[in-house]
Amino acid sequence: FEGYIFDDSDRIRAERGLMRRTEEDRSLLQLYRRMLTVDSYEALVDLVRDDLRARIGVNNAWIYLTDPENLDALRFVAGTGAVAGIARRIASEAPIHASSFVLEVMRSETPVRYLDARSDPRTNKDLVAAFGTRSLLAATILRDRQAIGVLWTGTFGDEGELRVDEADIRYFQNVAMLAGLALQRLRAEEERRQTEERLRHAEKLEAVGQLAGGVAHNFNNALTVVLGHASLLREELGADSPYAVSLDTILRAGRSSAKMVRQLMRFARPQPTERLECVNPTEILSDFERMLKVLLDESIRVEMRLQP
């Protein structure tokens, strides 16, 4: 009697690995479908935290993204748990090149793990102490193969060290990839809302311009009558009239108002820029002084010292 003994342990491990990968792919697909329904960064991070809690047992997740106004820094956008509040207070911005800790994560093609953040020489010990960090796991968020942010998770306080295997790390990296796709959608929607808001603002300005144009047109008609009658009266009374100075003041004020009306009409309906003119500020201020003396109470004295 002859027999053979086959060691199929490798086959069994391969089958189990394949089944696990299939289950991971199914979980990631379901996660991404849920990501498509979120409407804010906070809701996205909540969803990621819940998924990671079921997978690797963490209770926190948070995201930093590159700052459009400062490409050398990451800014905190959303997080869950007590960590989020601390991050907003003391670490709302994280310099990239000034911190080897952050720079390592941004440059790494695979997730970076800090099993014991308190003793790991790569971590920022001040932040570790402030957060009460035990372990950290970080993966870059990519857009067009460029790092635009970081997805973080970890353990804190008395939660103990975060024990994960290579499959867990691979799963976390895939979650970061899906989060990046969801963030692109959220950013696109945010930009669309901002564009719509700018359009609404432009429409309001156009309506204000039309209103200003209508007011300016009516005021210009009334001003034309005032200036016309004042000019006729000035010519009729002559320079020796005791009212000549007052009439001159009316005419100057009317012409000044006419300039303001033209500016309003230009705001309402843009026109070619008028030719610039040189003016004598002393003359303008002198006219203003005479107008004030007429308008103000006698108990108020107006005094100007002008150079000739």
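Just so you know, these numbers use all the heavy atoms, side chains as well, and skip hydrogens, waters and symmetry mates. Just so it is clear, the model here is predicted, and its values are computed rather than measured.
- In the hydrophobic clustering (ILVMFWY side chains linked at under 4.5 Å, chained through shared members), V225 stands by itself.
- For A176 against I141, the heavy-atom pair with the smallest separation is O-CG1, 4.2 Å.
- The number of heavy atoms from other shown groups lying within 6.0 Å of CZ (R122) is above 12.
- Interatomic distance, CG of D25 versus CG of L29, reported as 8.5 Å (0.5 Å rounding).
- The distance from the CG atom of N174 to the CD1 atom of I169 is 12.5 Å, given to the nearest 0.5 Å.
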Report task. Begin with the C-alpha distance, continue with both residues' side-chain angles, and end with the deciding distance and a verdict on side-chain contact (heavy atoms from CB on, under 4.5 Å) for D168 and E24. Result -> CA-CA 10 Å; D168 294 329; E24 285 178 5; over 6 Å; no
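- Applying the side chain to side chain donor-acceptor pair (under 3.5 Å) test to pairs two or more places apart or on separate chains, those with a residue in residues 223-242 are R234-D248.
- Atom-to-atom distance recorded for Q173:CD and E109:CD is 9.0 Å, nearest 0.5 angstrom.
- Contact annotation: the side chain of V164 never approaches that of F172 to less than 4.5 Å [non-hydrogen atoms, C-beta and beyond].
- The distance from atom CG of L31 to atom CG of L47, rounded to the nearest 0.5 Å, is 5.5 Å.
- Pairing each heavy atom of V48 with each of A61, the nearest pair is CG1-CB, 4.4 Å.
- Under the salt bridge (charged side-chain N to carboxylate O under 4.0 Å, His left out) criterion, no residue pair touches residues 127-141, with sequence neighbours excluded.
- The 12-atom threshold is not exceeded at CG of D158, counting heavy atoms of other residues, nucleotides or ligands nearer than 6.0 Å.
- Proximity of a side-chain donor or acceptor of T155 to a complementary backbone N or O of G160 within less than 3.5 Å is detected.
- Closest approach of L162 to V58, counting heavy atoms only: CD1-CG1, 3.6 Å.
- Rounding to the nearest 0.5 angstrom, the gap separating the CZ atom in R143 from the CD1 atom in I148 is 5.0 Å.
- When every heavy atom of A244 is checked against every heavy atom of G238, the shortest pair comes out as CB-O, 3.8 Å.
- With a 4.5 Å cut-off on side-chain heavy atoms, L115 and D120 do not count as touching.
- Clustering of Ile, Leu, Val, Met, Phe, Trp and Tyr side chains at separations under 4.5 Å places M106 together with W62, Y64, L74, F76, V83, I86, I90, I96, F101, V102, L103, V105, V112, Y114, L127, F131, L136, V150, W152, F156.
- For T140 (side chain) and L142 (main-chain N/O), no donor-acceptor pair under 3.5 Å exists by modelled atom type.
- With contacts defined as side-chain heavy-atom distances shorter than 4.5 Å, the pair N59/E159 qualifies.
- In plain terms, the two heavy atoms of D116 and S135 that are nearest each other are N-OG, 4.5 Å.
- Counting non-hydrogen atoms of neighbouring residues, nucleotides and ligands closer than 6.0 angstrom, the CZ atom of R192 exceeds 12 such neighbours.
- A salt bridge is defined here as a Lys NZ or Arg NE, NH1 or NH2 lying under 4.0 Å from an Asp or Glu carboxylate O, and E166 with R170 fails to meet this definition.
- Counting all heavy atoms, side chain and backbone alike, T153 lies closest to N60 at OG1-O, 2.6 Å.
- Here M35 contributes atom CE and L186 contributes atom CG; the two are 10.0 Å apart, rounded to the nearest 0.5 Å.
- The shortest distance between side-chain heavy atoms of V77 and R75 falls below 4.5 Å.
- Within the 4.5 Å cutoff, no side-chain heavy atoms of R118 are placed close to those of T133.
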Requested in this report: Kindly determine whether R198 and T195 satisfy side-chain hydrogen bond (donor to acceptor under 3.5 Å, both in side chains), including the steps that lead there.
Outcome: CA-CA 5 Å; R198 286 193 294 269; T195 300; 3.2 Å; yes
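- Put simply, the side chain of L183 reaches to within 4.5 Å of the side chain of I63, judged on heavy atoms.
- Applying the salt bridge (charged side-chain N to carboxylate O under 4.0 Å, His left out) test to R187 and every residue at least two apart in sequence or in another chain returns nothing.
- Checked against side chain to side chain contact (heavy atoms under 4.5 Å, CB included), E190 has the following partners two or more places apart in sequence or in another chain: Y41, R193, Q194.
- Using modelled atom types, no side-chain atom of S108 and backbone atom of P111 make a donor-acceptor pair closer than 3.5 Å.
- Atom CZ of R200 sits in a crowded spot, with more than 12 heavy atoms from other residues, nucleotides or ligands closer than 6.0 Å.
- Tracing side-chain contacts under 4.5 Å through hydrophobic residues (I, L, V, M, F, W, Y), one never reaches L227 starting from I250; they form parts of separate clusters.
- Under the 4.5 Å side-chain criterion, counting only non-hydrogen atoms from C-beta, D51 is in contact with R34.
- In the hydrophobic clustering of ILVMFWY residues, with side-chain heavy atoms under 4.5 Å counting as a link, L36 and V175 come out together.
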